[in-house]
Amino acid sequence: MQLSVVVPCYNEEESVPLLVERLVQAIEPWAQDAEIILADDGSSDGTWAAIEAAHARHPVVRGIRLSANRGHQVALTAGLEAARGARIFMLDADLQDPPEILPDMMMMMDRGYDVVYGRRAERQGETLFKKATAFLFYRFLNTLSDVDIPKDTGDFRLVSRRALDAVLAMPERARFIRGMFAWAGFKQIGLEYVRDARVAGETKYPFRAMLRFATDALTGFSTKPLKMATRLAFLSLYVTFLMAVYVFLSLILYNTAPGWASMLLALSFFSGIQLLTLGIMGEYIGRLYMESKQRPMYFLSEETGEGAPAEPVKIEPAPLRKEAS
Ligand code: UDP
Ligand code: MG
């Protein structure tokens with residue numbers, strides 16, 4: 001199979017029919033050998049019925065349904081695990097990401113890129129609050145995290161089979177998929193696009209969900225917050241040193257209250273020691289945490305001779321087949 005399209009859908013009964021029509025159009029050149037996987041994330045509205053109807057109309061549509069609402073990233077993972085294609089295209093159900101960009105992404109992959117992600121040049125129909133928090137989030141994440149996660153990208157991307165297999169080989173449960181693709185490596189490139197407003201329904205990411213998502217991202221890709229105690233400890237010990245000088249000078253120059261000097265020094269010295277101990281524990285917890293993810297240590301992208309993981313091969317779109325009338 002050449003192409004799998006994967007879409008997580010949660011309470012998207014109105015979007016699904018529109019989405020399927022636009023997707024079927026967009027994948028037309030590859031339609032002979034493609035599938036559209038709609039992953040229903042335990043919706044409580046008519047989404048599953050809409051998916052079944054879409055499957056009846058277009059056999060390329062395959063539906064899978066999670067037994068309960070597990071969240072965007074898990075629904076997407078379920079769809080990715082079901083995908084069988086050599087190339088995998090993922091997007092949101094609400095058509096904020098235009099499927100018509102697919103041929104451009106395919107072209108970039110023909111040139112040897114393993115991951116072609118959409119970069120939002122502009123966002124329409126979203127609140128100033130959402131845009132501002134998203135803007136800050138991606139910048140903050142990048143200063144903290146050890147992986148270079150492309151800014152202003154969502155889960156709108158085309159990936160090769162080997163890039164997908166790399167991500168699926170990471171068994172971690174808190175999944176921040178855009179970061180995982182960045183971490184997986186391989187040749188990556190961004191394509192700019194304008195993010196439209198939702199076609200129907202409303203955002204499934206209220207502030208609460210955004211906060212949880214941001215926490216997953218930060219903790220999943222950085223242990224720097226854990227290491228903050230160490231830095232504070234050194235700062236605190238430095239201040240203690242300065243204070244010791246000040247206290248000593250005060251003792252010989254002025255009449256200070258008895259006990260003042262020893263109190264002050266003991267207090268700041270021992271808080272420094274406490275922070276340092278916390279920092280050391282933080283280092284160990286951070287390492288434990290990283291180990292517990294059990295991520296593969298590396299992936300190969302080239303190898304001499306036989307046996308290297310397949311590079312993305314050029315896919316010739318089948319000639320458009322006109323319906324016989
Ligand atoms: N989604 C999902 N499960 C959830 C929440 C969202 O599968 O619990 C899907 C949703 O149907 C959509 C995508 O994730 O296809 C992105 O959600 P949304 O458009 O609400 O996010 P936004 O674009 O507002 O950030
Ligand atoms: Mg959306």
Side-chain angles (χ1 to χ4, degrees), residues 4-23 26 36-51 54 61-83 88-99 101 117-138 141 149-157 173-181 193-217:
S4 298
V5 181
V6 176
V7 190
C9 311
Y10 177 56
N11 290 350
E12 304 277 7
E13 59 180 352
E14 292 163 274
S15 316
V16 165
L18 301 164
L19 167 78
V20 168
E21 292 316 314
R22 285 219 357 227
L23 266 182
I36 298 175
I37 299 177
L38 302 181
D40 178 0
D41 186 16
S43 299
S44 51
D45 68 351
T47 300
W48 182 246
I51 291 174
V61 174
R62 270 173 73 198
I64 58 174
R65 189 180 194 186
L66 275 63
S67 62
N69 181 230
R70 304 281 182 213
H72 176 196
Q73 302 290 299
V74 176
L76 180 56
T77 303
L80 293 175
E81 282 183 341
I88 302 90
F89 181 48
M90 56 199 101
L91 71 164
D92 287 353
D94 54 12
L95 288 170
Q96 283 194 283
D97 312 320
I101 203 176
Y117 54 86
R119 194 189 299 116
R120 301 158 183 169
E122 192 184 311
R123 294 169 152 231
Q124 292 180 346
E126 287 184 305
T127 59
L128 197 63
F129 178 72
K130 174 119 191 178
K131 286 185 208 174
T133 46
F135 180 87
L136 288 177
F137 168 65
Y138 285 111
L141 180 60
I149 299 169
K151 296 183 189 70
D152 305 318
T153 63
D155 287 318
F156 182 37
R157 55 167 59 71
R173 303 177 63 85
R175 299 184 85 75
F176 181 62
I177 293 176
R178 56 202 75 165
M180 293 164 79
F181 274 108
Y193 73 103
V194 175
R195 191 153 214 243
D196 293 326
R198 267 184 162 269
V199 283
E202 52 196 43
T203 175
K204 308 298 183 296
Y205 269 103
F207 188 62
R208 208 164 16 87
M210 272 164 58
L211 217 56
R212 195 174 342 112
F213 186 61
T215 315
D216 275 353

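Counting starts at 1 for both ligands and their atoms, in listed order.
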Hey, can you tell me if [X] and [Y] have their rings parallel, tilted or perpendicular (30° and 60° cut-offs)?
X	Y	result
Phe129	Phe207	tilted
Phe137	Phe213	tilted
His72	Tyr205	perpendicular

(Q) Quick check: do Arg195 and Asp92 have side-chain heavy atoms less than 4.5 Å from each other? (A)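 Arg195 reaches Asp92 side chain to side chain.
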
**Q.** Pro99 side chain near Leu23 side chain, heavy-atom distance below 4.5 Å
**A.**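 Pro99 vs Leu23: side chains touch.
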
Q.
Which residue is it: Asn11, Asp94, Asn69? I am looking for the one with a side chain to side chain contact (heavy atoms under 4.5 Å, CB included) to Lys204.
A.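 The residue from Asn11, Asp94, Asn69 that satisfies side chain to side chain contact (heavy atoms under 4.5 Å, CB included) with Lys204 turns out to be Asn11.
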
Q. Name the residues with a heavy atom less than 4.0 Å from ligand 1?
A.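 Ligand 1 is contacted, at a heavy-atom distance under 4.0 Å, by Pro8, Cys9, Tyr10, Glu12, Asp41, Asn69, Gly71, His72, Ala75, Asp92, Ala93, Asp94, Gln96, Lys130, Arg195, Arg198, Thr203, Lys204, Tyr205.
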
Q.
Under a 3.5 Å distance rule, please check whether Lys151 uses its side chain to pair with a backbone N or O of Ile149 as donor and acceptor.
A.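 No; judged by distance alone, with no hydrogens or angles, the pair does not exist.
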
(Q) Salt bridge or not between Arg198 and Glu12? Use side-chain N to carboxylate O under 4.0 Å. (A)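 Glu12 and Arg198: salt-bridged.
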
Q | Distance-only polar pair, side chains of Arg175 and Thr77, donor-acceptor under 3.5 Å | A |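 Yes, because at least one side-chain N or O of Arg175 sits under 3.5 Å from a partner of the opposite role on Thr77.
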
Q: Around the Mg ion (ligand 2), list the protein N/O/S atoms within a radius below 2.8 Å, excluding water molecules.
A: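 Under 2.8 Å from the Mg ion (ligand 2) - ignoring waters, which are not counted - the protein N, O or S atoms are Asp94 OD2, Gln96 OE1.
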
